[in-house]
Amino acid sequence: MSQTVSGRLKIGLSACFSHADPARSLFTNKTLQYVEQSIAHWLMSAGAMVVMVPCPTGETARGDTKLSHYAEWLDGVVMHGGADVWPGSYGEVPLKDAWVGDRIRDLYDLALVEAFEQAGKPIFGVCRGLQLINVAFGGTLYQDIEAQHPNAMRHRDAVTYDQNFHEISITPGSRLSKLYPGMESARVNSIHHQGVKDLAPGFEVDAWSIPDRIPEAIRRKADRGRSYIAATQWHPEFHTYGATDTVDDTAILQDFLWACATAKVSPKGPLRSAPGRIRNRAARLLRQALLMR
């Protein structure tokens, strides 16, 4: 039986950015905010209603809608994959111009994580989303795994793209190991060149890449925070439904949505004081960067 609309979970999806470009023939010199189709469909496959959370600031900003309003209204949020994280977000200078990332999107993403953290709502990250979450809570990244990690394998292949795969080792006793009982390793897609270098305090690694041991799944420790925060470096939404050559994404999705449903039934309420863990107090920086530049 189909769920009623009122009974469905409302899941936010962070926006990707295509910044204003005078040379673009379509939407010339306009900023675009969008979502990638497969991740929206992945969430919808479990009956969730998906809402893109647009950045509320910028040159065309109007009204008083805030990210905190979305965090209050929605049941959880998924942090999208996409552009590199700007190294300045974790206190480093880009080693190459090609690795400069998207500073504007970083500020928006940090503010979005902060809003849902403040509201006590679950957060799940995919690829860049994992990296951003790690940075938000005090971790750092390899700007380029192959350049900075000894004996690293190739984690991104521009030609094969989502058909580039590698093995992961699931951490014994972790939440991920409980979602996949008896599974010690698995095969996942790999489409990234940045990755976790220093893990954020209060987080643990649920899975590692094999054999170079880059964190492939992270999760906030249950005793270190108010709400569910987890992420995968691979793209579970790119798993072909019913295929057996890569790890089935269903358990990961259901785990996140279960956390959202639980938080909906037993809300924790907003924090009365700032958590002091989101890097650089992102909401204030976001307004400065997007309204005053």
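Looking at Glu92 and Lys197, a side-chain N of the basic residue comes within less than 4.0 Å of a carboxylate O on the acidic one, giving a salt bridge. Between Glu117 and Arg220 there is a salt bridge, since a side-chain N of the basic residue sits under 4.0 Å from a carboxylate O of the acidic one. Using a 4.0 Å cut-off between charged nitrogen and carboxylate oxygen, Asp84 and Lys96 do not count as a salt-bridge pair.
In this structure, the side-chain hydrogen bond (donor to acceptor under 3.5 Å, both in side chains) partners of Ser18, at least two apart in sequence or on a different chain, are Arg24. Applying the ring-ring contact (aromatic ring centres under 6.0 Å, His included) rule to Tyr142 yields the partners His149; only residues at least two apart in sequence or on another chain are considered. Glu204 meets the side-chain hydrogen bond (donor to acceptor under 3.5 Å, both in side chains) test with no other residue; sequence neighbours excluded. With sequence neighbours left out, the side-chain hydrogen bond (donor to acceptor under 3.5 Å, both in side chains) criterion links Thr262 to no other residue. A search for side-chain contact (heavy atoms from CB on, under 4.5 Å) contacts involving Ser174 returns Ile170, Thr171, Leu176, Ser177, Asp206, not counting sequence neighbours. Qualifying side-chain hydrogen bond (donor to acceptor under 3.5 Å, both in side chains) partners for Arg213, counting only residues two or more places apart in sequence or in other chains: none. Every residue meeting the side-chain contact (heavy atoms from CB on, under 4.5 Å) condition with Thr250, not counting sequence neighbours, appears here in chain and number order: Asp248, Gln254. Considering only residues two or more places apart in sequence or on other chains, Lys264 meets the side-chain contact (heavy atoms from CB on, under 4.5 Å) condition with Leu9, Asp75.
In this structure a side-chain-to-backbone donor-acceptor pair under 3.5 Å is present from Asn134 to Thr140.
Within the 4.5 Å cutoff, the side chain of Asp102 has heavy atoms near those of the His19 side chain. Residues Ile11 and Cys260 meet the side-chain proximity criterion, which asks for heavy atoms closer than 4.5 Å. Taking 4.5 Å as the limit, every side-chain heavy atom of Leu13 sits out of range of all side-chain heavy atoms of Val77.
Its side chain within the 4.5 Å cluster rule, Trp86 clusters with Val100 among the Ile, Leu, Val, Met, Phe, Trp and Tyr residues. Through side-chain heavy atoms spaced under 4.5 Å, either directly or across other Ile, Leu, Val, Met, Phe, Trp or Tyr residues, Val265 is tied to no other residue. Membership of an apolar cluster is not assigned to Tyr241, as no side-chain contact below 4.5 Å to another ILVMFWY residue is traced. Other residues sharing the hydrophobic cluster of Met49, ordered by chain and number and joined by side-chain separations under 4.5 Å: Val5.
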Kindly determine whether Arg128 and His192 satisfy side chain to side chain contact (heavy atoms under 4.5 Å, CB included), including the steps that lead there.
CA-CA 8 Å; Arg128 169 195 162 88; His192 63 106; over 6 Å; no
Should Glu216 and Trp208 be marked as a side chain to side chain contact (heavy atoms under 4.5 Å, CB included) after you check the CA-CA gap, both sets of side-chain angles, and the distance that decides it?
CA-CA 5 Å; Glu216 286 283 333; Trp208 302 85; 5.8 Å; no
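The aromatic ring centres of Phe124 and Tyr228 sit 6.0 Å or more apart.
Looking at every heavy atom in both residues, Pro87 comes nearest to Trp99 through CD-O, 3.4 Å. For the pair Thr65 and Pro56, the tightest heavy-atom approach, listed with the atom from each and the gap, is O-CB, 3.4 Å.
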